[in-house]
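Indexing begins at 1, ligand by ligand and atom by atom, following the structure's order. None of the values given here were measured: they were computed from a predicted structure.
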Amino acid sequence: MVVSSAPGKVYLFGEHAVVYGEPAVPCAIERRAQVTAEERDDDRIRVRAEDLSLDGFTVEYGSASDAAPDVDVAESLVEAGMGYVDAAVEQARDAADAPEAGFDITVESEIPLGGGLGSSAAVAVAGIDAGARELGVELSTEEIAERAYRAELAVQDGEASRADTFCSATGGAVRVEGDDCRAIEAPALPLVIGFDGGAGDTGELVAGVRALREEYDFAADTVSGIGDLVRRGERALADGDLEELGRLMDFNHGLLEALGVSSRSLDNMVWAARDADALGAKLTGAGGGGCIVALDPSDGTETALKFTPGCEDAFRAELDTEGVRVEDR
Ligand code: MEV
């Protein structure tokens, strides 16, 4: 039995635009998904999910031809959680050249599913590491990131950047531009997260931005404007200029809002943070619902978010410098 974990992340800048080759800067945070993989003596997969921000469930299946899992939660949520586990298992089998390997998998996650904190990437990264190790193969961090990216591509119909999976595999702050992924230095960041209890459909939101970008030149300009903003953000990060970082986060939220990926609850939380004198605030991840990230060294934003209608949870998040790792059990 092997237990691996990988961190979630927030986007300081650049989600959505990164899908079109613009740079993005995600940062890993100290909230992890943990995957336990135990090889079975048949070719079946049994998955137990503990906290994917929905009621726990267990499903067992043997092959794609098996009937849909008989479980007691909304099928779309099961599919969302299962898709990434399934794709991770495929990658682990492929890495170990063991296409028939069966597993008992347990997923325990502190990261809300679909909430913009990279839950699916963390599950894919930890799942590939645990599954491959259980089959006797130790993959490099780069290979785990590459395989997790392929797993996301498979689940998201070919619409994914390397940002979430690379960041979760390596930890820390990273810069991603197309295939170029690298670690970058970041100062201590006073990050505060607000979560509305909801989730967006990444595939649908990415497709929506694609459609706008194809229809309107000014939407395409908005996407490349986000790229310009990220380049400025990188400089602010290197200079440790938190005030400029905050201003750029506010701007980035406005551009994402224009691209149709915000929501009333995300906007409410962003405004609550601004009213509480946060240095800046923006949605993080695909949007549509889920989380915002604010920059605030004081307690103001966290307190304000706790009293904001529609905000279900507010917490401080530390940068996690450690990526995928094996856990002792
Ligand atoms: C989702 O967490 C981030 C998006 O940019 C999609 C991606 O990069 O794969 C919306």
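- Not a single N or O atom of E152, backbone or side chain, sits closer than 3.5 Å to an N or O atom of ligand 1.
- Nearest protein heavy-atom neighbour of atom 5 (O) of ligand 1: H16 N, 2.9 Å.
- Residue-environment remark: CZ (R232) stays at or below the threshold of 12 foreign heavy atoms within 6.0 Å.
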(message) Is there a side chain to side chain donor-acceptor pair (under 3.5 Å) between S262 and D267? Walk through the geometry before answering.
(response) CA-CA 7 Å; S262 192; D267 287 345; 2.6 Å; yes
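- When only non-hydrogen protein atoms are considered, atom 2 (O) of ligand 1 lies nearest to D164 OD2, 2.7 Å.
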(request) With side chain to side chain donor-acceptor pair (under 3.5 Å) as the test, would you mind laying out the steps for D164 and Y11 before giving the verdict? (result) CA-CA 9 Å; D164 291 26; Y11 273 90; 2.5 Å; yes
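- With hydrogens left out, the protein atom closest to atom 9 (O) of ligand 1 is S161 N, 2.8 Å, a heavy atom.
- Closest approach of K9 to P26, counting heavy atoms only: CD-CB, 3.7 Å.
- Atom 6 (C) of ligand 1 has as its closest protein heavy atom V19 CG2, 3.9 Å.
- Listed by first and then second residue, the ring-ring contact (aromatic ring centres under 6.0 Å, His included) pairs involving residues 242-299 amount to none (not counting sequence neighbours).
- The 12-atom threshold is not exceeded at OH of Y216, counting heavy atoms of other residues, nucleotides or ligands nearer than 6.0 Å.
- Ligand 1 places these atoms under 4.0 Å from at least one heavy atom of V18: 5 (O), 8 (O).
- Ion pairing between E318 and R316 fails under the 4.0 Å rule for side-chain N and carboxylate O.
- The ligand atoms of ligand 1 that sit less than 4.0 angstrom from a heavy atom of E15 are 5 (O).
- Taking atom 3 (C) of ligand 1 as the reference point, the nearest protein heavy-atom neighbour is Y11 OH, 3.6 Å.
- Those atoms of ligand 1 that come under 4.0 Å of a heavy atom in A160, given as number and element, are 9 (O).
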